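Side chains are part of it too, since the values below use all heavy atoms of this structure and drop only hydrogens, waters and symmetry mates. By convention in this document, chain letters (A, B, ...) are assigned in the order of the sequence lines, proteins followed by strands, and residues within each chain are numbered from 1. Here the structure is a predicted model, which is why all the values come from computation and not from measurement.
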Amino acid sequence: AQSVTQPDIHITVSEGASLELRCNYSYGATPYLFWYVQSPGQGLQLLLKYFSGDTLVQGIKGFEAEFKRSQSSFNLRKPSVHWSDAAEYFCAVGPTGTASKLTFGTGTRLQVTL
Amino acid sequence: DTGVSQDPRHKITKRGQNVTFRCDPISEHNRLYWYRQTLGQGPEFLTYFQNEAQLEKSRLLSDRFSAERPKGSFSTLEIQRTEQGDSAMYLCASSSPPGPNNSPLHFGNGTRLTVT
């Protein structure tokens, strides 16, 4: 069965500092990986996705993520965090070739201090 | 592209009552999904449709839950005889068919259900 682990429940960073959110997955085949962001009371917005090819993927809002097959990881990074990035971030994994039935991690809540 | 629309945004109901939620997907998307999200957790898959066909249902979807997509456009999720454990955010998402670009899920803003 596929699973996603986000080991950090809550992270606080200062505005302008760099950010890395960790994601480890378990999946028996080549995974289809995603990062979503959720603001309070809202739905999820796609930040970026990885299917194949270049293991460093660029997303919206200045985010990027790197797929490391040997470590089963897909960590999200941003060089300089803005106060508006405060939100909940979810990593998800799904079967290759389809976006159905994604399995999400429990999320990491990001707090940004000024 | 007007996005995925869900109605209502919030629903408060008493235990034992029935509730129905509606989801309007992005118009050109033929796949529609329902997820449930409880506090402090990530979304959990409930069911999905391709056009009007319900292709998969999670074991989380008890007999009190039923989802329909009669004309392959909007979908409804009904919960009968609600229980306090049903309190959650119910998220709808849609996507276009699998293809070279592997369309990701586009989520609505959800319906928050509170069962008192």
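Criterion: ILVMFWY side-chain heavy atoms under 4.5 Å apart, direct or through other members. Under it, B:Leu60 and B:Ile79 are part of a common hydrophobic cluster. A:Val37 and A:Ile11 fall within a single hydrophobic cluster, where Ile, Leu, Val, Met, Phe, Trp and Tyr side chains are chained together by heavy-atom contacts under 4.5 Å. Linking Ile, Leu, Val, Met, Phe, Trp and Tyr residues whenever their side-chain heavy atoms come within less than 4.5 Å leaves B:Val4 and B:Leu32 in two separate clusters.
The number of heavy atoms from other shown groups lying within 6.0 Å of CZ (A:Arg77) is above 12. Annotation: A:Ile60, atom CD1; neighbour count of heavy atoms from other residues, nucleotides and ligands within 6.0 Å is above 12. Atom CG of B:Leu55 has more than 12 heavy atoms from other residues, nucleotides or ligands within 6.0 Å. The number of heavy-atom neighbours closer than 6.0 Å to CD of B:Glu52, taken from other residues, nucleotides and ligands shown, is above 12.
A:Phe104 and B:Pro43 make their closest contact through CD1-O, 3.4 Å (heavy atoms, listed as atom of the first residue, atom of the second, distance). Residues B:Pro104 and A:Phe34 approach most closely at CB-CE2, 3.7 Å, considering heavy atoms.
Rounded to the nearest 0.5 angstrom, A:Gln38 CD and B:Phe107 CZ are separated by 9.0 Å. Atom CD in A:Glu88 sits 7.5 Å away from atom CD in B:Gln37 (nearest 0.5 Å). Between A:Tyr36 atom OH and B:Leu105 atom CG the span is 4.5 Å, to the nearest 0.5 Å.
Heavy-atom pairs under 4.5 Å with chain B were tallied for A:Gly107, A:Gly41, A:Ser39; the largest tally goes to A:Gly41.
Neither the backbone nor the side chain of B:Glu44 has a heavy atom closer than 4.5 Å to any heavy atom of chain A.
With a 4.5 Å cut-off on side-chain heavy atoms, A:Leu44 and B:Tyr35 do not count as touching. No side-chain heavy atom of A:Gln45 sits less than 4.5 Å from a side-chain heavy atom of B:His106.
Side-chain atoms of B:Asn109 never come within 3.5 Å of backbone atoms of A:Gln42 as a donor-acceptor pair (strictly under, hydrogens ignored).
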